[in-house]
Every structure is written in structure tokens, then in C-alpha cells.
Amino acid sequence: MKRKTLSSIGGWQPFLFCIGMYVVALFFSIFLCSSIFYALNSRTLAGKETEKTAVVSAEKQQLAAVNH
């Protein structure tokens, strides 16, 4: 008796491997780039918040302030 095998999938293996590696690389590159962007962007936002706080405190006297 002749066994039926899935030899036709063997031809697709390199193609599917390349697609899988592309998806994994795309996911990690988006994660890495967004992490770097938010890390650098938080520094500029923190600098702007301290400038705003200094300007507000110089304009008038405040008893208490809550910054978000």
C-alpha cells in the first residue's frame, strides 16, 4: 500500500517561513520604534510641564496644585 503524505506542503515551507519571519520582524520593529519614540517624547513633555509650572507659579501665588 502506498501512504499518502503531505509532501505538497514541503514546497511551501520556505515561503511560509519567510512570511512568518517578516511578521515577527515587523512586530518587533513597531514595538521598538514606538518605545524609543515614547521614551524621547516623555522627556520633551516633562520639560514643557516644568516650564508651565514655573510660569504659573511666577504669575500668581498658589496654595496647592495637582498636576496630571
Side-chain angles (χ1 to χ4, degrees):
M1 278 195 202
K2 192 174 185 182
R3 281 196 238 168
K4 289 190 174 188
T5 61
L6 298 174
S7 62
S8 62
I9 293 178
W12 287 94
Q13 185 179 2
F15 180 69
L16 294 175
F17 179 77
C18 289
I19 295 236
M21 286 294 106
Y22 178 77
V23 169
V24 169
L26 186 66
F27 174 75
F28 281 122
S29 65
I30 290 172
F31 177 73
L32 182 67
C33 290
S34 64
S35 299
I36 291 171
F37 174 76
Y38 287 123
L40 295 176
N41 199 20
S42 67
R43 288 184 190 169
T44 58
L45 288 177
K48 289 179 183 177
E49 289 295 327
T50 55
E51 290 174 5
K52 286 181 185 177
T53 306
V55 169
V56 169
S57 63
E59 290 178 359
K60 63 179 182 176
Q61 185 179 5
Q62 289 182 342
L63 297 177
V66 177
N67 293 332
H68 293 262

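Just so you know, these numbers come straight off a predicted model, no measurement behind them. Counting from 1, the numbers follow the sequence of the chain as shown.
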Looking at Ser42, Ser35, Ser34, which one forms a side chain to side chain contact (heavy atoms under 4.5 Å, CB included) with Tyr38?
Ser34
Spatial distance of atom CG (Leu40) from atom CD1 (Ile36) [nearest 0.5 Å]
7.5 Å
Could you tell me the separation between the SG atom of Cys33 and the CZ atom of Phe28, rounded to the nearest 0.5 Å?
13.0 Å
Please determine whether residues Val23 and Leu26 belong to a single hydrophobic cluster, defined as Ile, Leu, Val, Met, Phe, Trp and Tyr linked transitively by side-chain heavy-atom distances below 4.5 Å.
no
Among the clusters formed by ILVMFWY side chains lying less than 4.5 Å apart, do Tyr22 and Phe17 turn up in the same one?
no
Residues passing the ring pair (Phe, Tyr, Trp, His ring centres under 6.0 Å) test with Phe27, sequence neighbours excluded, are none
